[in-house]
Amino acid sequence: MTIDLRSDTVTHPTPAMREAMFAAPLGDDVFGDDPTVNALETKAAQLFGMEAALFCPSGTMTNQLAIRTHTRPGDEVICDQLSHIYLYEGGGIMANSGVSVSLLPGERGKLTPALVRDAINNPADPHRPLTRLVSLENTMNKGGGCYYTLPEIAAIRQVCDDNKLPLHLDGARLFNALVETGESTEAHGQLFDSISICLSKGLGCPVGSLLLGKRDFITQARRFRKMMGGGWRQAGFLAAAGIYALDHHVNRLKLDHSRARKIGAMLEALPEVQEIYPIDTNIVIFRLPESILATDYVQQLAEKGIRGVTFGKHLVRFVTHHDFTDEHLAELETRLKSSIGLHN
């Protein structure tokens, strides 16, 4: 048995999801007549109380489309220094939009109103780029799956309103946050000008993300999607998986969180684990001593059939997901116990 904790993107469609996919009515999405894509976009927009949505292959594309649509070349985007849009999207902010980035030192990747306010450039100063967009990430991947609450977001929203700035959300794992806080999708839709949500992480779809926003914004983003080669044809097969996931896979995310916390308890027993980040959702990040490289440790875990990823020179990340069961959890504990003392 291989225990794959590299990411929640490794999930496979469930049998019921596959049935929904193969039963989906199809059209041509570039022509706008794939009924299942249209149904998914309408469903997602209504879920968040937003006007429109755009179905895309990846969260990187939805984030990059949002930045491209909100900004113009020479502008600046404010985000945390640990943000996915900066670290893990291939330099797309510069390459796709021609804008610079103001990187802020948030707490576990979370910004505060004061940090945002102080980072906004004076628009009358010709030496500085125009601050044009603020982007948050929820949950925060590099922060160990921590999340913003509605009051925290609302305070940042107020700073944006005071300075006439749009607010974007990289909500790749937003539903993980919502099942913990009990907050509503509609309330989040009221606070953001655009939201990216991923279907292929905790929700278990094979591929796909959605960009949400006002109708004119999504119309423009659709044009940029075409420019980037993101138009697709009979995408209803994939959209049907998204509809199924939104209907059936949201509430079960709490199981992933519970299992992640149990993994944290297992790691506490390992002498080589120096620190475990607080486990708020489905991400477990732990620190090794300086004498152990994360690359070596991950390799040793792989030899025991445990797959994780390096997250820094001495950091390792595990992510739970719906293909990681209680059986896997029990086997993981057995294998981790047998590893004690092998990494010192």
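All values reported here derive from a predicted model rather than from experimental measurement.
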- Task: Would you please name every residue forming a ring pair (Phe, Tyr, Trp, His ring centres under 6.0 Å) with H248, sequence neighbours left out?
- Result: Y244
- Taking ring pair (Phe, Tyr, Trp, His ring centres under 6.0 Å) as the test, write out the residues that go with F318, two or more places apart. F286
Just checking, any donor-acceptor pair under 3.5 angstrom between side chains of [X] and [Y]?
X: Q220; Y: D216; answer: no
X: E272; Y: Y297; answer: yes
X: H257; Y: T281; answer: no
X: N141; Y: R317; answer: yes
X: D323; Y: H321; answer: no
X: H314; Y: E290; answer: no
X: H322; Y: D256; answer: no
X: S338; Y: K304; answer: yes

Got a donor-acceptor contact below 3.5 angstrom from the [X] side chain to the [Y] backbone?
X: E51; Y: A45; answer: no
X: Q234; Y: G27; answer: yes
X: T42; Y: A39; answer: no

What residues join [X] in its hydrophobic cluster, counting side-chain heavy atom gaps under 4.5 Å, either direct or through other members?
X: L26; answer: F22, F237
X: M140; answer: L82
X: M94; answer: none

- Note on the structure: CD1 (I285) and CG (L315) are apart, to the nearest 0.5 Å, by 7.0 Å
- Item | Interatomic spacing from CG in L332 to NZ in K337 - rounded to 0.5 Å | 11.0 Å
Crowding at [atom1], [X] (>12 non-hydrogen neighbours, <6.0 Å):
X: E107; atom1: CD; value: no
X: N251; atom1: CG; value: no
X: R223; atom1: CZ; value: no

Measure the shortest side-chain to side-chain distance between [X] and [Y] over non-hydrogen atoms and say whether it is less than 4.5 angstrom.
X: F324; Y: I263; result: yes
X: L133; Y: I78; result: no
X: L238; Y: C205; result: no
X: L174; Y: F48; result: yes
X: S194; Y: L211; result: yes
X: I276; Y: I279; result: yes

- Item | Qualifying residue, where the test is salt bridge (charged side-chain N to carboxylate O under 4.0 Å, His left out) with R233 and the options are D34, D33, D28 | D28
- Task: Give every residue pair that meets the side chain to side chain donor-acceptor pair (under 3.5 Å) criterion with at least one member in residues 12-26, sequence neighbours excluded.
- Result: none
- Message: Run the side chain to side chain donor-acceptor pair (under 3.5 Å) test on N282 and D8 for me, step by step, so that the C-alpha distance in whole Å, both residues' side-chain angles and the decisive distance to 0.1 Å come before the verdict.
- Response: CA-CA 9 Å; N282 68 324; D8 42 8; 3.0 Å; yes
- Residue of the set H127, R132, E76 for which side chain to side chain contact (heavy atoms under 4.5 Å, CB included) holds with N121: E76
- Message: Using side chain to side chain donor-acceptor pair (under 3.5 Å), reason through Q158 and D162 one step at a time and then give a plain yes or no.
- Response: CA-CA 6 Å; Q158 186 60 56; D162 292 343; 2.8 Å; yes
- Let me see the working for R108 and D280 under salt bridge (Lys or Arg N to Asp or Glu O under 4.0 Å), right down to the final yes or no. CA-CA 12 Å; R108 294 178 64 199; D280 297 313; 3.1 Å; yes
- Task: Under the salt bridge (Lys or Arg N to Asp or Glu O under 4.0 Å) rule, what do R222 and E41 come out as? Steps first, then yes or no, please.
- Result: CA-CA 12 Å; R222 188 179 296 274; E41 291 175 343; 3.5 Å; yes
- Task: Quick one: closest heavy-atom pair of Q274 and L288, and the distance?
- Result: CG-C, 3.7 Å
- Task: Decide salt bridge (Lys or Arg N to Asp or Glu O under 4.0 Å) for K262 and D326; before the verdict, give the C-alpha distance in whole Å, the side-chain angles of both, and the deciding distance to 0.1 Å.
- Result: CA-CA 10 Å; K262 290 176 182 177; D326 284 338; 5.1 Å; no
- Quick one: sort the F192 and H188 rings into parallel, tilted or perpendicular, breaks at 30° and 60°. parallel
- Quick one: do D4 and R6 satisfy salt bridge (Lys or Arg N to Asp or Glu O under 4.0 Å)? Show the steps, please. CA-CA 6 Å; D4 197 342; R6 289 174 297 169; 2.7 Å; yes
